[in-house]
A.B. asks: 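Shown below is the structure under consideration.
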Amino acid sequence: MTEAYGDAVTAPFWAAAGQELLLQRCDSCGAHQFYPRPFCLACDHDGLSWTPASGTGVIYSRTEVRVKVRPELVPPYTVAVVALAEGPRMTTLVVGDDGEPGPTCEIGDAVEVAWMPRTDAPPLPVFRRSA
Amino acid sequence: MTRTVWDRHGVHIAGVAETALGEVHGQTELSMFAAAAREALSEAGMTLRDVDGLFVNYMGEEGTVQVGEYLGVTAPRYVDSTDIGGAAFEAFVHHAMLAVAEGRCEVALIGYASRQRTRRARSVGGGAVDTDSLAAQFQSPYGLPAPIGHYAMMAARHMHQYGTTPEQLAEVAVAARSWARLNLKAWSRDPLTVEQALAGRMISTPLRRSDCCLVTDGGAAVVVTTAERARDARKPSVRVLGAGESQTHWHLASMPDMTVTAGAVSAREAFGMAGITAADVDVLQPYDSFTITVLLALEDLGFCAKGEGGAFVADGRLAPGGALPAMTSGGGLSYNHPGALGALLLVEAVRQVRGEAGDRQVPGAEIAVAHGVGGYNSTASTVVLAR
Ligand SMILES: [Zn+2]
């Protein structure tokens with residue numbers, strides 16, 4: 001890719017995708033946030049630093065999808081909102097140890113980040129149940 | 001009391017009408033809306049010539065402009081195309097109420113029409129997304145069906161946190177259907193039991209077919225005006241006692257709490273302005289896009305405590321003869337859902353307060369609440385009406 005994926009504010013997140021899950025951390029109050037913004041949602045401070053997240057979290061909610069939504073995703077598969085250990089929530093896919101979507105999970109399950117390769121975009125952060 | 005403030009201003013709904021409903025052929029959205037607008041204005045003892053405020057969205061680009069031209073309302077003094085989805089119409093009443101009270105317009109026409117069913121305009125993909133958008137980067141790659149997957153996650157969280165059951169969600173659908181059986185205009189009028197609802201096809205756990213609203217053609221028109229102008233109405237006009245609106249999120253992961261909606265704020269504002277509490281409400285028109293939407297609204301509007309919505313709807317409390325008659329037209333679940341239900345909720349609320357709802361009339365209904373919801377349970381607006 002010649003042009004950075006994402007937008008002016010999110011590009012660093014995508015540049016690290018596949019290697020590290022980056023979150024913005026406030027230089028003043030220490031709050032983490034996602035998705036990226038140019039200011040701290042918690043305290044309104046301007047200074048934020050990109051920091052590697054632990055990559056762990058718990059399932060906040062989830063749904064098993066039984067209908068076709070995207071050509072590359074064969075139902076049933078589970079979409080979840082994960083509460084990251086650092087606080088922010090992310091929408092994501094639940095994958096198995098083979099990296100493929102499909103497995104179910106329960107709210108409260110511990111999960112860790114994995115990366116799903118894409119042909120036209122940087123790897124997509126997805127989550128699998130922690131061992 | 002705050003109520004006397006608004007009684008002094010005296011803002012009324014003086015006319016309402018549905019568009020053609022169901023599967024509409026031989027008409028366009030514009031011609032459907034024109035017919036409903038003229039009918040609502042006729043109830044109000046007015047014509048299109050009287051309209052000086054226009055509150056419309058989702059009928060073509062630029063909100064009110066194309067509809068205004070079509071209707072011949074070419075020099076309105078006040079126009080509003082607030083874009084908060086199904087909640088826009090109760091918000092329009094809020095805005096029209098303020099505009100009319102301040103003399104910025106005198107006859108406000110609110111409404112909408114859609115042929116989403118005959119046009120086959122709905123899909124679960126949630127529409128095309130701009131590839132640079134935040135949704136395209138952080139949400140749509142995950143294949144969450146829209147809007148149902150969003151509501152499914154809220155339902156799953158509510159079940160986890162409060163022990164809400166699929167049977168309790170089904171009770172909402174059953175209540176809507178029992179009302180629809182009393183409404184000849186309702187799309188789905190076959191009997192429905194909790195068992196039948198639970199046997200339906202699962203779409204996005206825990207939501208099944210019966211938890212989802214209809215996809216039909218339809219729409220409505222509503223006329224808001226001063227007490228003085230409402231005196232010439234052919235039917236009893238209905239007082240607007242209060243209104244409120246709010247919003248929470250767009251991306252699902254940004255919803256502050258999946259069990260609390262913008263209705264908590266919109267109802268606090270509307271009920272506060274009206275000087276009422278949930279206990280004063282005789283008939284409720286909640287936005288039943290999904291069964292869980294109703295459950296969350298019941299809690300956020302204060303009809304029961306947070307987490308108790310499931311137990312609250314058991315035993316037919318919302319159904320005909322129940323303690324809180326709700327979705328009395330049959331709602332979006334069984335009567336009609338044209339993509340944005342809010343205008344139809346206002347029509348039914350007005351008819352109940354006028355006492356003209358026929359077989360489904362709630363005896364002695366004096367105070368009605370219409371509660372709109374939009375987006376992915378992102379927005380809410382609440383209107384309190386009284387005889
Ligand atoms: Zn901060």
Side-chain angles (χ1 to χ4, degrees), chain A residues 3-11 13-14 17 33-37 41 57 59-84 88-95 101 104-109 116 118 120-127, chain B residues 122-164 200-209 211-212 249-259 290 292 376-377:
Chain A
E3 210 175 313
Y5 183 85
D7 60 46
V9 180
T10 65
F13 176 90
W14 291 113
Q33 67 183 22
F34 180 81
Y35 50 88
R37 292 155 170 99
L41 278 176
I59 301 289
Y60 174 79
S61 194
R62 51 84 181 91
T63 182
E64 188 181 60
V65 178
R66 305 278 181 90
V67 290
K68 189 108 181 166
V69 178
R70 295 173 66 88
E72 72 274 21
L73 280 173
V74 181
Y77 56 88
T78 296
V79 184
V81 169
V82 167
L84 298 172
R89 293 187 206 136
M90 288 181 74
T91 296
T92 194
L93 264 172
V94 176
V95 299
T104 57
C105 63
E106 297 304 324
I107 292 174
D109 281 354
M116 180 177 286
R118 293 186 289 181
D120 55 347
L124 187 67
V126 294
F127 283 77
Chain B
R122 296 297 284 203
S123 77
V124 290
V129 232
D130 174 4
T131 49
D132 276 350
S133 73
L134 290 164
Q137 295 179 56
F138 298 117
Q139 186 168 281
S140 48
Y142 297 110
L144 186 63
I148 184 174
H150 299 246
Y151 288 86
M153 288 255 213
M154 293 169 210
R157 183 70 200 179
H158 200 273
M159 288 174 167
H160 170 80
Q161 215 162 305
Y162 298 115
T164 308
R201 185 166 65 96
M202 188 68 85
I203 298 173
S204 188
T205 61
L207 299 185
R208 300 170 180 277
R209 176 65 198 86
D211 292 301
C212 306
H249 70 287
W250 183 244
H251 303 93
L252 181 62
S254 298
M255 188 172 187
D257 180 335
M258 271 193 206
T259 67
F290 296 95
I292 185 65
Y376 308 118
N377 227 347

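These values consider heavy atoms only, across backbone and side chains, with no hydrogens, waters or symmetry-generated copies. Chain letters run A, B, ... following the sequence lines, proteins first and then strands; every chain starts at 1. Note that this is a predicted model, so its numbers are computed, not measured.
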A.B. asks: Taking side chain as everything from C-beta outward and backbone as N, CA, C, O, which of these in A/Arg62 sits under 4.5 Å from a heavy atom of chain B? Side chain, backbone, both or neither.
C.D. replies: both

A.B. asks: Decide yes or no on side chain to side chain contact (heavy atoms under 4.5 Å, CB included) for A/Leu124 and B/Phe138, but give the supporting numbers first.
C.D. replies: CA-CA 9 Å; A/Leu124 187 67; B/Phe138 298 117; over 6 Å; no

A.B. asks: Could you check whether any side-chain N or O of B/His249 sits under 3.5 Å from a backbone N or O of B/Tyr376, counting only pairs where one atom can act as donor and the other as acceptor?
C.D. replies: yes

A.B. asks: Closest heavy-atom contact between A/Thr92 and A/Pro125?
C.D. replies: OG1-O, 3.1 Å

A.B. asks: How close do A/Arg70 and A/Glu72 get, heavy atom to heavy atom, and via which atoms?
C.D. replies: NE-OE2, 2.8 Å

A.B. asks: Do you know which two heavy atoms are closest between B/Asp132 and B/Gln137, and how far apart they sit?
C.D. replies: O-NE2, 3.1 Å

A.B. asks: Need one label for A/Phe13: side chain, backbone, both or neither, based on atoms under 4.5 Å from any heavy atom in chain B.
C.D. replies: side chain

A.B. asks: Count the heavy-atom pairs under 4.5 Å between each of A/Pro36, A/Pro76, A/Pro88, A/Ala80 and chain B, then report the option with the highest count.
C.D. replies: A/Ala80

A.B. asks: Any idea how A/Tyr35 and B/His251 line up, ring-wise: parallel (<30°), tilted (30 to 60°), or perpendicular (>60°)?
C.D. replies: perpendicular

A.B. asks: Taking every non-hydrogen pair under 4.5 Å, which of A/Thr78, A/Thr10, A/Ile59, A/Val126 racks up the most with chain B?
C.D. replies: A/Thr10

A.B. asks: Shortest non-hydrogen contact from B/Met154 to B/Ile292?
C.D. replies: C-CG1, 4.4 Å

A.B. asks: Tell me which of these, B/Ser204, B/Ala155, B/Pro206, B/Ala152, has more heavy-atom pairs under 4.5 Å with chain A than the rest.
C.D. replies: B/Ser204

A.B. asks: Against chain B, label A/Leu93 side chain, backbone, both or neither, depending on which of its atoms sit under 4.5 Å from a heavy atom there.
C.D. replies: both

A.B. asks: For chain A, which candidate among B/Gln161, B/Arg201, B/Arg157, B/Met255 shows the most heavy-atom pairs at distances under 4.5 Å?
C.D. replies: B/Arg157

A.B. asks: Is A/Ala83 in contact with chain B via its backbone, its side chain, both, or neither, using a 4.5 Å heavy-atom distance?
C.D. replies: neither

A.B. asks: Specify which of A/Val81, A/Ile107, A/Val67, A/Leu73 makes the most heavy-atom pairs with chain B at under 4.5 Å.
C.D. replies: A/Ile107

